Amino acid sequence: MLSVQYINENKEQVVQALKVKNFEAQSIINEIVSIDQYRRDTQKNLDASKSQMNTISKEIGNLFKEGKKEDAEVAKRKTSELKDDIKALESKLREVEVHLNKLLTEVPNVPHPSVPPGKSEADNQFEREGGEPVKLNGKPLPHWELAEKYDIIDFKLGNKITGAGFPVYKGKGARMQRALINFFLDEAQKAGFNEVLPPLMVNEDSGFGTGQLPDKEGQMYHVTEDNLYLIPTAEVPVTNIFRDCIVNEADFPIKYTAYTPCFRREAGSYGKDVRGLNRLHQFDKVEIVCVEHPDRSYQLLDKMVEYVESLIQKLGLQYRVLRLCGGDLSFTSALTFDFEVYSAAQEKWLEVSSVSNFESYQANRMKLRFKPTGEKKTQIAHTLNGSALALPRILAALLENYQTPEGIKVPEVLQNYTGFDMIN
RNA sequence: GGAGAGAUGGCAGAGUGGUCGAAUGCGGCGGUCUUGAAAACCGUUGAUCUUCACGGGUCCGGGGGUUCGAAUCCCUCUCUCUCCGCCA
(Lines give C-alpha, C1' and ligand atoms only; values in the text may rest on other atoms or scores of the structure.)
Protein backbone atom coordinates (compact mmCIF):
# COMPACT_ATOMS: atom_id res chain seq x y z
CA MET A 1 0.00 0.00 0.00
CA LEU A 2 0.98 3.60 -0.35
CA SER A 3 2.28 5.28 2.78
CA VAL A 4 0.13 7.96 4.37
CA GLN A 5 3.08 10.27 4.25
CA TYR A 6 3.38 9.85 0.51
CA ILE A 7 -0.32 10.45 0.02
CA ASN A 8 -0.21 13.55 2.19
CA GLU A 9 2.66 14.99 0.23
CA ASN A 10 1.35 14.07 -3.22
CA LYS A 11 -2.44 14.24 -3.03
CA GLU A 12 -3.06 15.70 -6.45
CA GLN A 13 -0.46 13.61 -8.26
CA VAL A 14 -1.87 10.43 -6.76
CA VAL A 15 -5.40 11.27 -7.85
CA GLN A 16 -4.24 12.17 -11.36
CA ALA A 17 -2.01 9.12 -11.70
CA LEU A 18 -4.72 6.73 -10.56
CA LYS A 19 -6.98 7.98 -13.33
CA VAL A 20 -4.67 6.06 -15.65
CA LYS A 21 -5.71 2.96 -13.74
CA ASN A 22 -9.32 4.07 -14.17
CA PHE A 23 -9.56 4.54 -10.44
CA GLU A 24 -11.37 7.61 -9.19
CA ALA A 25 -9.39 8.36 -6.06
CA GLN A 26 -10.37 11.90 -5.12
CA SER A 27 -12.86 11.06 -2.39
CA ILE A 28 -10.88 8.25 -0.77
CA ILE A 29 -7.72 10.34 -0.79
CA ASN A 30 -9.57 13.22 0.83
CA GLU A 31 -10.90 10.85 3.44
CA ILE A 32 -7.46 9.41 4.13
CA VAL A 33 -5.92 12.84 4.53
CA SER A 34 -8.56 14.04 6.95
CA ILE A 35 -8.61 10.82 8.96
CA ASP A 36 -4.86 10.91 9.22
CA GLN A 37 -5.00 14.46 10.55
CA TYR A 38 -7.51 13.29 13.12
CA ARG A 39 -5.30 10.34 13.95
CA ARG A 40 -2.35 12.58 14.64
CA ASP A 41 -4.38 14.90 16.83
CA THR A 42 -5.66 11.96 18.81
CA GLN A 43 -2.16 10.60 19.10
CA LYS A 44 -0.90 13.91 20.42
CA ASN A 45 -3.61 14.12 23.05
CA LEU A 46 -3.05 10.55 24.08
CA ASP A 47 0.70 11.02 24.36
CA ALA A 48 0.23 14.11 26.51
CA SER A 49 -2.13 12.26 28.87
CA LYS A 50 0.20 9.32 29.12
CA SER A 51 3.10 11.61 29.81
CA GLN A 52 1.20 13.16 32.71
CA MET A 53 0.27 9.74 33.99
CA ASN A 54 3.86 8.60 33.89
CA THR A 55 4.97 11.62 35.85
CA ILE A 56 2.37 11.07 38.55
CA SER A 57 3.17 7.39 38.79
CA LYS A 58 6.80 8.17 39.37
CA GLU A 59 5.87 10.67 42.05
CA ILE A 60 3.71 8.12 43.80
CA GLY A 61 6.53 5.65 43.73
CA ASN A 62 8.84 8.18 45.33
CA LEU A 63 6.28 9.18 47.95
CA PHE A 64 5.85 5.56 48.98
CA LYS A 65 9.58 5.17 49.22
CA GLU A 66 9.78 8.21 51.49
CA GLY A 67 6.99 6.82 53.62
CA LYS A 68 4.57 9.63 52.80
CA LYS A 69 1.57 7.35 52.45
CA GLU A 70 -1.13 9.98 52.73
CA ASP A 71 0.39 12.17 50.02
CA ALA A 72 0.59 9.12 47.83
CA GLU A 73 -3.07 8.35 48.35
CA VAL A 74 -3.97 11.90 47.38
CA ALA A 75 -1.93 11.60 44.21
CA LYS A 76 -3.59 8.31 43.42
CA ARG A 77 -7.03 9.88 43.44
CA LYS A 78 -5.89 12.35 40.80
CA THR A 79 -5.15 9.56 38.36
CA SER A 80 -8.61 8.09 37.94
CA GLU A 81 -9.82 10.82 35.62
CA LEU A 82 -6.64 10.66 33.58
CA LYS A 83 -7.06 6.94 33.32
CA ASP A 84 -10.50 7.30 31.84
CA ASP A 85 -9.20 9.82 29.33
CA ILE A 86 -6.43 7.52 28.29
CA LYS A 87 -8.78 4.60 27.85
CA ALA A 88 -11.15 6.63 25.75
CA LEU A 89 -8.37 8.06 23.60
CA GLU A 90 -6.78 4.68 23.15
CA SER A 91 -9.91 3.07 21.85
CA LYS A 92 -10.57 6.02 19.60
CA LEU A 93 -7.04 5.87 18.22
CA ARG A 94 -7.32 2.18 17.55
CA GLU A 95 -10.59 2.65 15.77
CA VAL A 96 -9.15 5.44 13.64
CA GLU A 97 -6.09 3.40 12.78
CA VAL A 98 -8.13 0.41 11.70
CA HIS A 99 -10.25 2.63 9.51
CA LEU A 100 -7.25 4.39 8.02
CA ASN A 101 -5.55 1.09 7.30
CA LYS A 102 -8.61 -0.28 5.58
CA LEU A 103 -8.80 2.77 3.36
CA LEU A 104 -5.10 2.53 2.56
CA THR A 105 -5.43 -1.06 1.41
CA GLU A 106 -8.20 0.03 -0.95
CA VAL A 107 -5.97 2.42 -2.87
CA PRO A 108 -4.13 0.75 -5.76
CA ASN A 109 -0.49 1.35 -6.48
CA VAL A 110 0.28 4.46 -8.48
CA PRO A 111 1.25 3.61 -12.06
CA HIS A 112 4.60 4.63 -13.49
CA PRO A 113 4.44 7.73 -15.75
CA SER A 114 5.16 5.55 -18.77
CA VAL A 115 2.02 3.45 -18.31
CA PRO A 116 -0.36 4.17 -21.19
CA PRO A 117 -4.02 4.84 -20.46
CA GLY A 118 -6.49 2.18 -21.49
CA LYS A 119 -9.37 0.02 -20.40
CA SER A 120 -8.42 -3.53 -21.26
CA GLU A 121 -5.72 -5.72 -22.72
CA ALA A 122 -6.65 -4.39 -26.13
CA ASP A 123 -5.03 -1.09 -25.12
CA ASN A 124 -1.70 -2.52 -24.07
CA GLN A 125 1.23 -0.84 -25.75
CA PHE A 126 3.34 -2.84 -28.17
CA GLU A 127 7.01 -2.61 -27.27
CA ARG A 128 8.80 -4.97 -29.63
CA GLU A 129 8.72 -8.44 -31.06
CA GLY A 130 11.22 -11.15 -31.78
CA GLY A 131 11.73 -14.69 -32.93
CA GLU A 132 11.02 -16.19 -36.30
CA PRO A 133 7.41 -16.42 -37.51
CA VAL A 134 6.37 -20.05 -37.55
CA LYS A 135 5.62 -21.68 -40.87
CA LEU A 136 3.53 -24.80 -40.60
CA ASN A 137 2.40 -26.83 -43.53
CA GLY A 138 -1.02 -28.31 -43.85
CA LYS A 139 -3.41 -28.11 -40.99
CA PRO A 140 -1.54 -27.72 -37.70
CA LEU A 141 -3.11 -29.32 -34.64
CA PRO A 142 -3.79 -27.44 -31.43
CA HIS A 143 -1.79 -28.74 -28.47
CA TRP A 144 -4.70 -30.54 -26.86
CA GLU A 145 -5.02 -32.72 -29.93
CA LEU A 146 -1.26 -33.25 -30.10
CA ALA A 147 -1.28 -34.14 -26.42
CA GLU A 148 -3.79 -36.87 -27.08
CA LYS A 149 -2.18 -38.04 -30.29
CA TYR A 150 1.18 -38.65 -28.62
CA ASP A 151 -0.32 -39.48 -25.22
CA ILE A 152 1.75 -36.96 -23.28
CA ILE A 153 -0.92 -34.98 -21.43
CA ASP A 154 -4.13 -36.57 -20.18
CA PHE A 155 -6.81 -34.03 -19.41
CA LYS A 156 -9.54 -36.62 -18.91
CA LEU A 157 -7.51 -38.52 -16.37
CA GLY A 158 -6.88 -35.32 -14.44
CA ASN A 159 -10.61 -34.73 -14.55
CA LYS A 160 -11.23 -38.07 -12.94
CA ILE A 161 -8.62 -37.68 -10.23
CA THR A 162 -9.27 -34.07 -9.32
CA GLY A 163 -11.27 -32.03 -11.79
CA ALA A 164 -10.95 -29.73 -14.75
CA GLY A 165 -7.73 -27.77 -14.89
CA PHE A 166 -5.59 -30.47 -13.29
CA PRO A 167 -3.95 -32.35 -16.16
CA VAL A 168 -1.82 -35.45 -15.84
CA TYR A 169 1.47 -35.26 -17.73
CA LYS A 170 2.61 -38.63 -18.99
CA GLY A 171 5.81 -40.11 -20.37
CA LYS A 172 7.60 -37.63 -22.58
CA GLY A 173 5.11 -34.99 -21.48
CA ALA A 174 6.14 -35.38 -17.85
CA ARG A 175 9.75 -35.42 -18.91
CA MET A 176 9.25 -32.17 -20.84
CA GLN A 177 7.93 -30.51 -17.69
CA ARG A 178 10.93 -31.57 -15.70
CA ALA A 179 13.26 -30.45 -18.50
CA LEU A 180 11.70 -27.01 -18.70
CA ILE A 181 11.83 -26.53 -14.93
CA ASN A 182 15.50 -27.50 -14.78
CA PHE A 183 16.36 -25.43 -17.83
CA PHE A 184 14.71 -22.34 -16.35
CA LEU A 185 16.31 -22.83 -12.93
CA ASP A 186 19.76 -23.38 -14.39
CA GLU A 187 19.47 -20.28 -16.55
CA ALA A 188 18.31 -18.24 -13.56
CA GLN A 189 21.25 -19.43 -11.54
CA LYS A 190 23.62 -18.42 -14.34
CA ALA A 191 22.00 -14.98 -14.34
CA GLY A 192 22.71 -14.56 -10.65
CA PHE A 193 19.42 -15.54 -9.05
CA ASN A 194 19.62 -17.58 -5.85
CA GLU A 195 17.43 -20.63 -5.87
CA VAL A 196 15.00 -21.31 -3.05
CA LEU A 197 12.34 -23.97 -2.63
CA PRO A 198 9.61 -22.37 -0.54
CA PRO A 199 6.47 -23.74 1.14
CA LEU A 200 3.46 -24.19 -1.12
CA MET A 201 1.08 -22.98 1.54
CA VAL A 202 1.22 -19.60 3.22
CA ASN A 203 -0.45 -17.94 6.18
CA GLU A 204 -2.67 -14.88 6.19
CA ASP A 205 0.15 -12.43 6.91
CA SER A 206 2.04 -13.55 3.83
CA GLY A 207 -1.07 -13.32 1.69
CA PHE A 208 -1.53 -9.80 2.89
CA GLY A 209 2.11 -8.87 2.40
CA THR A 210 2.13 -9.38 -1.34
CA GLY A 211 -1.41 -8.11 -1.79
CA GLN A 212 -3.41 -11.27 -2.49
CA LEU A 213 -5.37 -10.65 0.70
CA PRO A 214 -7.81 -9.24 1.43
CA ASP A 215 -9.18 -8.39 -2.01
CA LYS A 216 -8.22 -11.45 -4.06
CA GLU A 217 -9.14 -14.01 -1.43
CA GLY A 218 -11.48 -15.83 -3.82
CA GLN A 219 -8.64 -16.59 -6.23
CA MET A 220 -6.70 -18.73 -3.78
CA TYR A 221 -7.46 -22.19 -2.48
CA HIS A 222 -8.05 -21.85 1.22
CA VAL A 223 -7.26 -24.66 3.65
CA THR A 224 -9.77 -23.57 6.25
CA GLU A 225 -8.90 -26.14 8.89
CA ASP A 226 -5.50 -24.54 9.37
CA ASN A 227 -6.22 -21.16 7.81
CA LEU A 228 -3.55 -21.55 5.15
CA TYR A 229 -3.64 -20.67 1.48
CA LEU A 230 -2.20 -22.61 -1.45
CA ILE A 231 0.15 -20.27 -3.25
CA PRO A 232 -1.06 -18.81 -6.56
CA THR A 233 2.56 -18.01 -7.43
CA ALA A 234 6.00 -18.35 -5.84
CA GLU A 235 5.98 -14.58 -5.59
CA VAL A 236 4.01 -14.92 -2.36
CA PRO A 237 6.30 -17.13 -0.26
CA VAL A 238 9.52 -15.81 -1.79
CA THR A 239 8.75 -12.11 -1.43
CA ASN A 240 7.55 -12.77 2.11
CA ILE A 241 10.99 -14.08 3.00
CA PHE A 242 11.69 -10.40 3.52
CA ARG A 243 8.58 -9.51 5.48
CA ASP A 244 9.46 -7.54 8.62
CA CYS A 245 13.09 -7.36 7.59
CA ILE A 246 15.60 -4.57 7.50
CA VAL A 247 17.93 -5.69 4.75
CA ASN A 248 21.47 -4.63 4.17
CA GLU A 249 21.89 -1.91 1.58
CA ALA A 250 25.07 -3.61 0.43
CA ASP A 251 23.07 -6.73 -0.46
CA PHE A 252 21.14 -4.94 -3.21
CA PRO A 253 20.10 -6.14 -5.69
CA ILE A 254 18.68 -9.20 -3.93
CA LYS A 255 17.80 -11.75 -6.59
CA TYR A 256 15.91 -14.98 -5.93
CA THR A 257 14.41 -17.66 -8.08
CA ALA A 258 12.06 -20.47 -7.20
CA TYR A 259 10.23 -23.27 -8.92
CA THR A 260 6.82 -24.07 -7.49
CA PRO A 261 3.51 -25.45 -8.59
CA CYS A 262 0.90 -22.68 -8.55
CA PHE A 263 -2.72 -23.06 -7.58
CA ARG A 264 -5.45 -20.76 -8.81
CA ARG A 265 -9.17 -21.11 -8.47
CA GLU A 266 -9.75 -18.95 -11.56
CA ALA A 267 -13.27 -18.26 -10.38
CA GLY A 268 -15.26 -16.68 -13.16
CA SER A 269 -13.13 -18.01 -16.02
CA TYR A 270 -14.92 -19.82 -18.76
CA GLY A 271 -15.16 -20.37 -22.48
CA LYS A 272 -12.57 -20.71 -25.19
CA ASP A 273 -9.61 -19.48 -23.17
CA VAL A 274 -9.67 -22.45 -20.84
CA ARG A 275 -9.13 -25.11 -23.48
CA GLY A 276 -6.18 -27.45 -22.99
CA LEU A 277 -3.24 -25.87 -21.20
CA ASN A 278 -4.42 -22.31 -21.67
CA ARG A 279 -5.80 -21.89 -18.19
CA LEU A 280 -5.23 -24.36 -15.37
CA HIS A 281 -5.95 -24.61 -11.67
CA GLN A 282 -2.55 -26.13 -11.05
CA PHE A 283 0.52 -25.35 -13.10
CA ASP A 284 4.28 -25.14 -12.78
CA LYS A 285 6.23 -21.94 -12.88
CA VAL A 286 9.74 -20.67 -12.23
CA GLU A 287 9.59 -17.23 -10.73
CA ILE A 288 12.20 -14.53 -10.22
CA VAL A 289 11.82 -12.17 -7.26
CA CYS A 290 13.97 -9.15 -6.52
CA VAL A 291 14.45 -6.55 -3.82
CA GLU A 292 16.24 -3.41 -4.85
CA HIS A 293 17.13 0.13 -3.84
CA PRO A 294 14.35 2.55 -4.90
CA ASP A 295 16.79 4.54 -7.02
CA ARG A 296 17.69 1.53 -9.12
CA SER A 297 14.54 -0.58 -9.33
CA TYR A 298 13.67 0.45 -12.87
CA GLN A 299 17.11 -0.44 -14.18
CA LEU A 300 16.64 -3.82 -12.56
CA LEU A 301 13.20 -4.17 -14.12
CA ASP A 302 14.79 -3.67 -17.54
CA LYS A 303 17.35 -6.34 -16.77
CA MET A 304 14.65 -8.76 -15.70
CA VAL A 305 12.74 -8.12 -18.91
CA GLU A 306 15.91 -8.73 -20.91
CA TYR A 307 16.48 -11.94 -19.01
CA VAL A 308 12.99 -13.28 -19.69
CA GLU A 309 13.35 -12.31 -23.32
CA SER A 310 16.58 -14.30 -23.56
CA LEU A 311 14.79 -17.42 -22.30
CA ILE A 312 12.10 -17.20 -24.94
CA GLN A 313 14.71 -16.60 -27.61
CA LYS A 314 16.63 -19.69 -26.55
CA LEU A 315 13.46 -21.72 -26.93
CA GLY A 316 13.08 -20.33 -30.45
CA LEU A 317 9.58 -19.00 -29.99
CA GLN A 318 8.03 -16.04 -31.73
CA TYR A 319 7.12 -13.46 -29.11
CA ARG A 320 6.14 -9.90 -28.43
CA VAL A 321 6.57 -7.63 -25.45
CA LEU A 322 3.75 -5.43 -24.24
CA ARG A 323 3.66 -2.59 -21.79
CA LEU A 324 0.43 -3.02 -19.84
CA CYS A 325 -2.03 -0.17 -19.96
CA GLY A 326 -3.56 1.28 -16.82
CA GLY A 327 -6.69 -0.82 -17.09
CA ASP A 328 -4.79 -4.10 -17.41
CA LEU A 329 -2.23 -3.32 -14.73
CA SER A 330 -2.68 -5.21 -11.48
CA PHE A 331 -3.77 -3.51 -8.28
CA THR A 332 -0.30 -3.69 -6.76
CA SER A 333 1.91 -3.02 -9.79
CA ALA A 334 3.43 0.27 -10.92
CA LEU A 335 4.71 -1.02 -14.25
CA THR A 336 4.32 -4.40 -15.92
CA PHE A 337 5.66 -5.90 -19.11
CA ASP A 338 3.86 -8.92 -20.50
CA PHE A 339 5.44 -11.48 -22.77
CA GLU A 340 3.30 -13.34 -25.25
CA VAL A 341 4.34 -16.16 -27.53
CA TYR A 342 2.60 -16.87 -30.77
CA SER A 343 0.74 -20.10 -31.16
CA ALA A 344 0.51 -20.87 -34.85
CA ALA A 345 -2.05 -23.60 -34.45
CA GLN A 346 -4.41 -21.61 -32.24
CA GLU A 347 -3.55 -18.49 -34.23
CA LYS A 348 -3.26 -16.37 -31.15
CA TRP A 349 -0.84 -14.88 -28.66
CA LEU A 350 -0.44 -16.62 -25.31
CA GLU A 351 0.70 -14.77 -22.22
CA VAL A 352 3.69 -16.57 -20.73
CA SER A 353 5.29 -14.01 -18.47
CA SER A 354 4.55 -10.88 -16.58
CA VAL A 355 7.40 -8.81 -15.16
CA SER A 356 6.52 -6.07 -12.70
CA ASN A 357 7.90 -3.39 -10.46
CA PHE A 358 5.80 -2.94 -7.35
CA GLU A 359 7.98 -0.13 -6.09
CA SER A 360 7.30 0.25 -2.36
CA TYR A 361 3.71 -0.98 -2.51
CA GLN A 362 4.31 -4.54 -1.31
CA ALA A 363 7.35 -3.59 0.75
CA ASN A 364 5.33 -1.08 2.71
CA ARG A 365 2.73 -3.69 3.52
CA MET A 366 5.48 -6.10 4.51
CA LYS A 367 7.63 -3.59 6.36
CA LEU A 368 10.56 -4.48 4.15
CA ARG A 369 13.14 -1.79 4.78
CA PHE A 370 16.79 -0.94 4.52
CA LYS A 371 18.90 1.68 6.18
CA PRO A 372 20.63 3.99 3.72
CA THR A 373 24.29 4.36 4.65
CA GLY A 374 24.93 7.24 6.96
CA GLU A 375 21.25 7.80 7.70
CA LYS A 376 19.33 7.20 10.86
CA LYS A 377 15.92 6.46 9.44
CA THR A 378 15.00 3.30 7.61
CA GLN A 379 13.51 3.47 4.14
CA ILE A 380 11.09 1.18 2.31
CA ALA A 381 12.74 -0.97 -0.37
CA HIS A 382 11.33 -1.84 -3.78
CA THR A 383 10.16 -5.30 -4.82
CA LEU A 384 9.92 -6.77 -8.30
CA ASN A 385 9.06 -10.09 -9.79
CA GLY A 386 8.51 -11.92 -13.00
CA SER A 387 7.66 -15.30 -14.42
CA ALA A 388 10.68 -16.97 -15.90
CA LEU A 389 8.69 -18.78 -17.04
CA ALA A 390 5.21 -20.26 -16.62
CA LEU A 391 5.21 -23.72 -18.16
CA PRO A 392 1.82 -24.60 -19.61
CA ARG A 393 1.55 -22.06 -22.38
CA ILE A 394 5.24 -22.40 -23.19
CA LEU A 395 4.67 -26.11 -23.57
CA ALA A 396 1.56 -25.46 -25.64
CA ALA A 397 3.50 -23.18 -27.97
CA LEU A 398 6.41 -25.61 -28.21
CA LEU A 399 4.13 -28.51 -29.08
CA GLU A 400 2.19 -26.56 -31.66
CA ASN A 401 5.03 -24.66 -33.29
CA TYR A 402 7.47 -27.54 -33.45
CA GLN A 403 5.04 -30.12 -34.85
CA THR A 404 6.06 -31.98 -37.99
CA PRO A 405 4.54 -34.94 -39.80
CA GLU A 406 7.14 -37.14 -38.08
CA GLY A 407 6.45 -35.82 -34.58
CA ILE A 408 7.21 -32.86 -32.37
CA LYS A 409 10.78 -31.60 -32.37
CA VAL A 410 12.38 -30.69 -29.06
CA PRO A 411 14.27 -27.37 -29.05
CA GLU A 412 17.99 -27.91 -28.92
CA VAL A 413 18.52 -26.20 -25.54
CA LEU A 414 16.15 -28.71 -23.94
CA GLN A 415 17.55 -31.88 -25.44
CA ASN A 416 20.17 -32.30 -22.73
CA TYR A 417 17.40 -32.10 -20.20
CA THR A 418 14.85 -34.34 -21.94
CA GLY A 419 17.21 -36.98 -23.25
CA PHE A 420 15.26 -37.14 -26.52
CA ASP A 421 14.94 -34.86 -29.52
CA MET A 422 11.53 -35.87 -30.80
CA ILE A 423 8.12 -36.63 -29.37
CA ASN A 424 6.57 -39.28 -31.57
C1' G B 1 -2.67 -37.13 19.40
C1' G B 2 -0.71 -37.23 25.04
C1' A B 3 2.77 -34.91 28.84
C1' G B 4 6.06 -31.02 30.08
C1' A B 5 9.15 -26.53 29.21
C1' G B 6 9.67 -21.99 26.99
C1' A B 7 9.05 -17.14 23.89
C1' U B 8 13.46 -10.60 26.22
C1' G B 9 17.56 -6.10 21.46
C1' G B 10 21.59 -8.80 15.17
C1' C B 11 22.83 -13.35 18.29
C1' A B 12 23.55 -15.48 23.27
C1' G B 13 21.54 -14.43 27.89
C1' A B 14 20.22 -11.66 32.93
C1' G B 15 16.11 -9.52 34.89
C1' U B 16 9.72 -11.78 39.08
C1' G B 17 5.74 -4.89 40.69
C1' G B 18 8.61 1.49 40.59
C1' U B 19 14.81 5.86 37.44
C1' C B 20 14.20 -1.20 32.84
C1' G B 21 14.28 0.26 26.40
C1' A B 22 16.17 -3.25 29.56
C1' A B 23 22.59 -5.90 32.89
C1' U B 24 26.48 -8.78 30.72
C1' G B 25 28.93 -11.26 26.68
C1' C B 26 29.45 -11.80 21.39
C1' G B 27 28.83 -9.32 16.89
C1' G B 28 28.66 -4.34 14.17
C1' C B 29 30.55 0.75 13.77
C1' G B 30 34.23 4.72 15.25
C1' G B 31 38.85 5.73 17.68
C1' U B 32 43.81 4.98 20.40
C1' C B 33 48.15 2.01 19.70
C1' U B 34 50.75 -0.16 14.99
C1' U B 35 54.60 0.45 8.87
C1' G B 36 49.97 -2.55 8.31
C1' A B 37 47.01 -6.20 10.70
C1' A B 38 45.77 -8.91 15.11
C1' A B 39 45.42 -8.36 20.31
C1' A B 40 44.41 -4.83 24.05
C1' C B 41 41.99 -0.44 25.52
C1' C B 42 38.23 3.67 24.94
C1' G B 43 33.69 5.15 22.86
C1' U B 44 29.34 3.90 20.22
C1' U B 45 25.42 0.60 18.53
C1' G B 46 17.16 -1.46 18.41
C1' A B 47 12.47 -0.31 16.05
C1' U B 48 8.32 2.81 15.64
C1' C B 49 4.67 7.06 16.14
C1' U B 50 4.49 12.28 16.99
C1' U B 51 7.06 17.25 16.81
C1' C B 52 10.23 22.52 12.58
C1' A B 53 12.98 21.47 16.89
C1' C B 54 13.47 20.53 22.20
C1' G B 55 10.86 16.85 23.79
C1' G B 56 6.97 13.22 24.40
C1' G B 57 4.53 8.35 23.43
C1' U B 58 4.76 3.00 22.24
C1' C B 59 7.28 -1.79 21.74
C1' C B 60 10.41 -7.60 26.28
C1' G B 61 5.67 -13.58 21.01
C1' G B 62 -0.05 -11.55 19.91
C1' G B 63 -4.55 -9.95 22.50
C1' G B 64 -7.08 -8.83 27.11
C1' G B 65 -6.98 -7.92 32.54
C1' U B 66 -5.16 -6.40 37.75
C1' U B 67 -2.41 -1.83 39.58
C1' C B 68 -1.14 4.98 40.69
C1' G B 69 2.77 1.99 38.15
C1' A B 70 3.80 -4.49 34.46
C1' A B 71 9.34 -7.46 30.84
C1' U B 72 7.90 -8.95 35.90
C1' C B 73 1.18 -10.86 38.50
C1' C B 74 -3.63 -13.08 36.16
C1' C B 75 -6.48 -14.82 31.70
C1' U B 76 -6.29 -16.16 26.61
C1' C B 77 -4.33 -17.17 21.76
C1' U B 78 -0.24 -18.39 18.69
C1' C B 79 4.35 -20.38 18.00
C1' U B 80 8.89 -23.10 19.40
C1' C B 81 11.47 -26.95 21.99
C1' U B 82 11.82 -31.82 24.81
C1' C B 83 9.74 -36.72 25.83
C1' C B 84 5.99 -40.47 24.37
C1' G B 85 2.76 -42.25 20.39
C1' C B 86 1.96 -42.36 15.04
C1' C B 87 4.37 -41.80 10.38
C1' A B 88 7.15 -40.17 5.15
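These numbers were taken from a predicted model, which means no experiment stands behind them. Letters A, B, ... mirror the listed sequences (proteins, then strands); counts begin at 1.
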**Q** Does any part of the side chain of A:Tyr229, heavy atoms only, come nearer than 4.5 Å to the side chain of A:Glu204, both counted from C-beta?
**A**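 Sidechains of A:Tyr229 and A:Glu204: in contact.
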**Q** Do we see a donor-acceptor contact under 3.5 Å between the side chains of A:Gln212 and A:Glu217?
**A**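 There is no such pair (donor and acceptor under 3.5 Å, judged by atom type) between the side chains of A:Gln212 and A:Glu217.
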**Q** Ignoring the backbone of A:Thr378, work out which of B:U50, B:A47, B:G57 is nearest its side chain.
**A**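 Within the option list, the nearest is B:A47.
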**Q** Show the numbers, then the answer: is there a side chain to side chain contact (heavy atoms under 4.5 Å, CB included) between A:Leu350 and A:Asn278?
**A** CA-CA 8 Å; A:Leu350 304 175; A:Asn278 288 349; 4.0 Å; yes
**Q** Looking only at atom P, what distance separates B:G1 and B:U66, rounded to whole Å?
**A**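 Their P atoms lie roughly 34 Å apart.
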**Q** I want to check one thing: is the phosphate of B:U51, taken as OP1 and OP2, less than 4.0 Å away from some side-chain N or O of A:Arg40?
**A**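 Yes, within the criterion.
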**Q** Can you see if the side chain of A:Lys377 gets near the phosphate of B:C49 - specifically, an N or O under 4.0 Å from OP1 or OP2?
**A**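 The answer is yes; a side-chain N or O of A:Lys377 sits under 4.0 Å from OP1 or OP2.
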**Q** I want to check one thing: is the phosphate of B:G57, taken as OP1 and OP2, less than 4.0 Å away from some side-chain N or O of A:Asn54?
**A**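 Yes.
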**Q** Please determine whether a side-chain nitrogen or oxygen atom of A:Arg94 lies at a distance below 4.0 Å from atom OP1 or OP2 of B:G64.
**A**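 True: A:Arg94 side-chain N/O within range (under 4.0 Å) of B:G64 OP1/OP2.
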**Q** Where the side chain of A:Lys50 is defined as all heavy atoms beyond and including C-beta, which of B:U50, B:G18, B:U58 is the nearest nucleotide?
**A**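 Out of B:U50, B:G18, B:U58, the nucleotide with an atom closest to A:Lys50's side chain is B:U58.
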**Q** Which value, in whole Å, describes the distance between the C1' atoms of nucleotides B:C77 and B:U82?
**A**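 Approximately 22 Å lies between the C1' atom of B:C77 and that of B:U82.
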**Q** For the residue pair A:Glu400 and A:His143, confirm or rule out a side-chain donor-acceptor distance under 3.5 Å.
**A**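 The answer is yes; a qualifying pair exists.
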**Q** Are OP1 or OP2 of B:U48 and a side-chain N or O of A:Lys367 less than 4.0 angstrom apart?
**A**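 So the side-chain polar atoms of A:Lys367 never come under 4.0 Å of the phosphate oxygens OP1 or OP2 of B:U48.
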**Q** Rounded to whole angstroms, how far apart are CZ on A:Arg39 and P on B:C49?
**A**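 Nearest whole value for this atom pair: 9 Å.
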